[in-house]
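Treat the numbers as computed from the prediction; the structure is a model and nothing was measured. Numbering starts at 1 and runs along the sequence shown. Order of listing sets the numbers, starting from 1, for every ligand and every atom in it.
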Amino acid sequence: MINSFHHYAKLLADFANQSKDGYAIFSADDILICANNAFLGTFNQTVNNMIGLNFTEIIRLAFTEKTGPKIDTDDIEQWLVLAAKERRSRDFRLFEVDLVDGRWFLFSEQLLPTGELLLQTKDITKQKILEQHLSERTRSLTNLALTDELTRIANRRSFVASVQSELSRCERSNFKVALLLLDIDYFKSVNDNHGHQAGDAVLQQVARRISSTLREYDIFGRIGGEEFGVFLAETDRTTAAEVAERLRQLIAAEPFVLSGLALPVTISIGVATGTCMSFEQLYAEADSALYKAKHAGRNQVVMAVPCFAF
Ligand SMILES: Nc1nc2c(ncn2[C@@H]2O[C@H](COP(=O)(O)OP(=O)(O)OP(=O)(O)O)[C@@H](O)[C@H]2O)c(=O)[nH]1
């Protein structure tokens, strides 16, 4: 009986020491009483350094030697107070820990009725790297789906979605809003006279010039072809007219330089303003104002007749 107990105890100890998962037991007064190699390895420490230390001493050692868990703090004492509140706060806790050396571990902490704390750690570095790759990929795909490839500004889909979300915010608070539709004049002749590449370059430079002058919270996008949209939240009619005129002048003021060629470019702008309007309403009004600007000779701003006077 005694022989078989020793036999199984040795088997268990051998198993623990060969396991890639870490195992450790802290006493009721939080002293590390036993741990396998894998657990000690997460702290880059040996048995002699760790066994007999309490949790606080282990963390201070890791913090001073910059090994083991990454502890992002300037105030280790404050960190320890917060950690002590969490530790032993529940019968079972599961949490992820990243190490100074870049590895990631899943820690499980189980509080025994007798007060000891059983710790198990599992290396999840590979899963974490995969997770990070996937989320970077998702972010870049989302970005691609929302960005106009040529000008790197919001594409139509993303522009409309952002405007719609701002409109619902404005609707709740009854803000005044403005939609500006900007269209490059005689753009076809740029393509016809200087080639499609020159046309592309003009589109890029127009987008860059306008982006550089807008406020961070204005929404700017390429609606299609040579047409751009600017949405201004919390903006009254007078301000919208001023912004539109400033944008018109910004484009007309200086010719665009393309491989040594100075190309004068102008834009026409239709502006719709109002409160509590749908995107479709705003767009239809701005579009019809833009049409008037084109027919009145181009290179000008036309304000749509407001739906609601203010
Ligand atoms: N280079 C280039 N051209 C484009 C792109 N998208 C649309 N176009 C061109 O833009 C031109 C638009 O021409 P029109 O709709 O006739 O308008 P316009 O010549 O600007 O004349 P107005 O708007 O009436 O002043 C067409 O020749 C399209 O081929 C693009 O991504 N790159």
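For Y23 and F39, the distance between ring centers is not under 6.0 angstrom.
Contact annotation for V190 and ligand 1: no heavy atom of the residue comes within less than 4.0 Å of the ligand. Under 4.0 Å from ligand 1, the heavy atoms of R222 that appear belong solely to its side chain.
For ligand 1, the polar-atom distance check against D183 finds a nitrogen or oxygen pair separated by under 3.5 Å. In terms of N/O distances under 3.5 Å, ligand 1 is not approached by L203.
Here the protein heavy atom with the shortest distance to atom 19 (O) of ligand 1 is K188 N, 2.8 Å. At the top of the distance list for atom 17 (O) of ligand 1, counting protein heavy atoms only, stands E226 OE2, 3.2 Å. The protein atom (non-hydrogen) at minimum distance from atom 6 (N) of ligand 1 is G225 CA, 3.3 Å. Looking only at heavy atoms of the protein, atom 11 (C) of ligand 1 is closest to F187 CD2, 3.8 Å. The closest protein non-hydrogen atom to atom 22 (P) of ligand 1 is K294 NZ, 3.4 Å. Nearest protein heavy-atom neighbour of atom 24 (O) of ligand 1: R298 NH2, 3.0 Å. Counting protein heavy atoms only, atom 21 (O) of ligand 1 is closest to Y186 N, 3.6 Å.
Ring geometry, H295 versus Y291: the interplanar angle falls from 30° to 60°, so the pair is classed tilted.
The one candidate from I251, V190, N191 that meets the side chain to side chain contact (heavy atoms under 4.5 Å, CB included) condition with V202 is V190.
Under a 3.5 Å cut-off, the side chain of E245 and the backbone N or O of E242 do not form any donor-acceptor pair. Remark: side-chain polar atoms of T121 are paired, donor with acceptor, to backbone N or O of G22 under 3.5 angstrom. Checking side-chain atoms of T138 against main-chain N and O of L134 turns up a donor-acceptor pair under 3.5 Å.
In the hydrophobic clustering, where aliphatic and aromatic side chains (Ile, Leu, Val, Met, Phe, Trp, Tyr) are joined below 4.5 Å either directly or transitively, L94 groups with F92, W104, L106, I124.
Residue contact annotation: E149 has no non-hydrogen atom under 4.0 Å from ligand 1.
Minimum interatomic distance between K20 and A38 (heavy atoms only, all atoms of both residues): O-CB, 3.5 Å. In plain terms, the two heavy atoms of V257 and G260 that are nearest each other are CG1-N, 4.2 Å.
The contact set between ligand 1 and D200, taken as ligand atoms under 4.0 Å from a residue heavy atom, comprises 1 (N), 2 (C), 30 (C), 31 (O), 32 (N). Atom numbering of ligand 1 starts at 1 in the shown order; those under 4.0 Å from a heavy atom of G199 are 1 (N).
Qualifying ring-ring contact (aromatic ring centres under 6.0 Å, His included) partners for F55, counting only residues two or more places apart in sequence or in other chains: none.
With distances taken over non-hydrogen atoms, the option nearest atom 3 (N) of ligand 1 out of N191, D148, I267, L150 is N191.
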